[in-house]
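What follows is a set of notes on a single structure, which appears directly below.
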2 protein chains.
Amino acid sequence: MPATASRPLRRDAQRNRERIVAAAREVFATRGFAATLDDVAHHAGVGVGTVYRRFPTKEALVEAIFADRIEGVVAVAEQCLAEPSAWDGLTRFMVYACHTHAEDRGLRDVMLSLGMKKRFPDSGDRLETVITELVARAKDEGTLRTDFEATDVPIIFTMVSDLAGAPAGAYDRYLRLVIDGLRACPRNADLGPALTRDQVIGVLSGCVPPVRPRSSAAQ
Amino acid sequence: MPATASRPLRRDAQRNRERIVAAAREVFATRGFAATLDDVAHHAGVGVGTVYRRFPTKEALVEAIFADRIEGVVAVAEQCLAEPSAWDGLTRFMVYACHTHAEDRGLRDVMLSLGMKKRFPDSGDRLETVITELVARAKDEGTLRTDFEATDVPIIFTMVSDLAGAPAGAYDRYLRLVIDGLRACPRNADLGPALTRDQVIGVLSGCVPPVRPRSSAAQ
DNA sequence: ATCTAAACGGAGGGAACTTCTCAACTTCCG
DNA sequence: CGGAAGTTGAGAAGTTCCCTCCGTTTAGAT
């Protein structure tokens with residue numbers, strides 16, 4: 001699916017575009033939004049100017065790169081809804097999501113900023129709907145503790161994805177630990193009230209670096 | 001306990017020193033290591049030059065401010081060892097530590113960087129010893145899952161302290177969730193091998209900003 | 001009241017980062 | 001081969017931040 005193809009790119013330009021996209025995927029995967037366009041350009045073996053010719057802003061590059069990945073995650077989430085066991089569906093989704101976050105820090109950054117609806121608002125909506133459903137079904141089933149809420153899911157993603165840079169399998173260990181705490185069990189502590197959607201967004205925006213590193217903090 | 005008091009400070013200097021310390025505590029508490037000395041100076045109502053006269057580097061200020069706090073945490077940890085129930089001792093320590101982290105982001109940053117032994121190496125050693133003991137006792141007691149290790153403790157601190165900026169009580173919710181996953185329980189998943197000490201240090205250094213914001217990433 | 005060493009302030013040096021531009025050059029392709 | 005499309009990479013312009021410098025103020029002893 002080429003971009004708005006008003007005219008086919010010259011062959012070398014096309015080749016460079018592909019190089020840029022490939023390099024950007026790699027660089028964003030390891031450094032997340034913190035990656036710079038100089039990095040990307042250097043990695044692709046082209047000048048920065050070339051990157052800017054193809055993608056007017058860093059934001060545009062991010063969108064070009066992650067659109068399909070995000071859709072992929074949403075698709076998996078929707079598949080998980082079809083799982084016969086609601087518990088398995090929910091946990092399979094969480095494991096899958098954390099796995100992608102650990103593999104690709106850029107994807108993590110995009111996904112965790114989905115709630116703000118600045119990028120990919122449609123995918124964001126769909127994902128929210130699915131997660132809400134997944135949680136509701138698992139509670140109905142009786143396997144998920146009843147004081148768990150859909151808003152907890154992205155928070156857990158944030159917590160676990162701290163470990164993205166860790167040696168392979170580390171995030172897995174802690175995700176399993178957390179999931180073991182999610183089971184309905186009489187010995188469980190009482191969690192108290194869940195965070196509201198807005199509170200979650202507040203927390204997440206503190207954990208995801210902005211695409212443009214300029215602005216820092218309010219007062 | 002005045003610093004190496006070769007000569008008593010002039011009264012105005014002493015007053016300013018105290019103001020600086022107080023302001024630094026506040027500013028570091030909210031912004032962590034990311035706080036700037038300009039911030040501190042402004043907050044204290046003095047010029048930056050005054051801060052530098054009293055504390056030769058930012059590092060020195062950090063050490064002056066957090067030495068006693070760190071010792072306080074270590075002391076609590078040691079008290080927790082005396083708790084009759086090993087489980088209560090361990091969890092009380094974890095809750096306490098996370099509480100302090102949520103209240104004071106600077107303290108969090110210091111504590112999580114303790115393992116590198118650059119600052120407060122003695123307190124760091126003592127804390128490590130106590131945590132190891134706390135974990136061992138709870139496993140002996142049979143209340144803590146046997147695949148949990150002492151190296152997991154600081155990682156859990158990191159995960160939960162992501163939520164430090166969140167509305168009051170948020171970190172509490174997720175800490176309780178994680179702790180519920182720590183109980184020995186036949187239904188638990190198998191966690192697999194724990195992280196080594198070095199791996200933990202690697203993870204933590206990725207989560208704690210450096211005091212000096214210069215260096216970013218290796219190649 | 002005077003005087004001097006101590007303390008002060010805060011502009012700005014310098015280093016490290018960014019994103020993004022532009023004028024000079026190169027490559028493709030009809 | 002001519003010219004449009006593409007490339008280049010130094011650097012403009014903007015951040016942020018640590019720390020220094022030095023003219024000015026002031027505490028406090030005489």
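What you are looking at is a predicted structure, and each value in this text was computed from that prediction instead of being measured. To find a chain, count down the sequence lines: A is the first, B the second, and so on, and within it residues start at 1.
Between the CZ atom of A/Arg19 and the P atom of D/dT7 there is a distance of 10 Å, rounded to whole Å. Rounded to whole Å, atom P of C/dT19 lies 11 Å from atom CG of A/Leu61. Atom C1' of nucleotide D/dT7 and atom CD1 of A/Ile20 are separated by 10 Å, given to the nearest angstrom. Rounded to a whole Å, the CZ atom of B/Arg17 is 19 Å from the C1' atom of C/dG9. Atom CD of B/Glu18 is separated from atom P of C/dA7 by 14 Å (rounded to the nearest Å). Distance A/Arg15 CZ to D/dA5 C1': 14 Å, rounded to the nearest Å.
Using a 4.0 Å heavy-atom criterion, one finds that A/Asp38 contacts the bases of the nucleic acid, with or without backbone contacts as well. Here A/Arg54 lies in heavy-atom contact (under 4.0 Å) with sugar-phosphate atoms only. Heavy atoms of A/Thr50 sit under 4.0 angstrom from at least one base atom.
Atom NZ of A/Lys118 sits in a sparse spot, with 12 or fewer heavy atoms from other residues, nucleotides or ligands closer than 6.0 Å.
Residue A/Arg11 has its side chain nearest to C/dC29 when only C/dG9, C/dC29, D/dT7 are considered. Of the candidate nucleotides D/dG28, D/dT7, C/dT18, C/dT18 has the atom lying nearest to any side-chain atom of A/Thr36. Distance from the side chain of B/Val48 is smallest to C/dA11 among D/dC18, C/dA7, C/dA11. Side-chain atoms of A/Asp12 lie closest to C/dC28 of the nucleotides C/dC28, C/dC29, C/dT21. Here C/dC20 is the nucleotide among C/dG9, D/dT20, C/dC20 with the atom lying nearest to any side-chain atom of A/Tyr52. Closest to the side chain of A/Arg31, from the set D/dC19, C/dT18, C/dA7, is C/dT18.
Applying the 3.5 Å distance criterion, the base of C/dA7 shares no donor-acceptor pair with the side chain of B/Arg53.
Legend: side-chain hydrogen bond (donor to acceptor under 3.5 Å, both in side chains) pairs involving residues 36-51 of chain A, not counting sequence neighbours, sorted by first then second residue: A/Glu26-A/His43, A/Arg31-A/Asp39.
At distances below 3.5 Å, at least one donor-acceptor pair connects side-chain atoms of B/Lys58 with backbone N or O atoms of B/Ala35. Looking only at distances, no side-chain donor or acceptor of A/Glu71 sits under 3.5 Å from a matching main-chain atom of A/Asp68. Formation of a donor-acceptor pair under 3.5 Å by the B/Arg176 side chain with backbone atoms of A/Leu191 is found in this model.
A residue-by-residue look at A/Val46 and B/Leu37 shows that A/Val46 has its nearest nucleotide of DNA chain D further toward the 5' end. With DNA chain D read from its 5' end, the first of the two nearest nucleotides for B/Arg10 and A/Gln14 is the one closest to A/Gln14.
Put simply, A/Asn16 has no side-chain N or O that comes within less than 4.0 Å of OP1 or OP2 on D/dG6.
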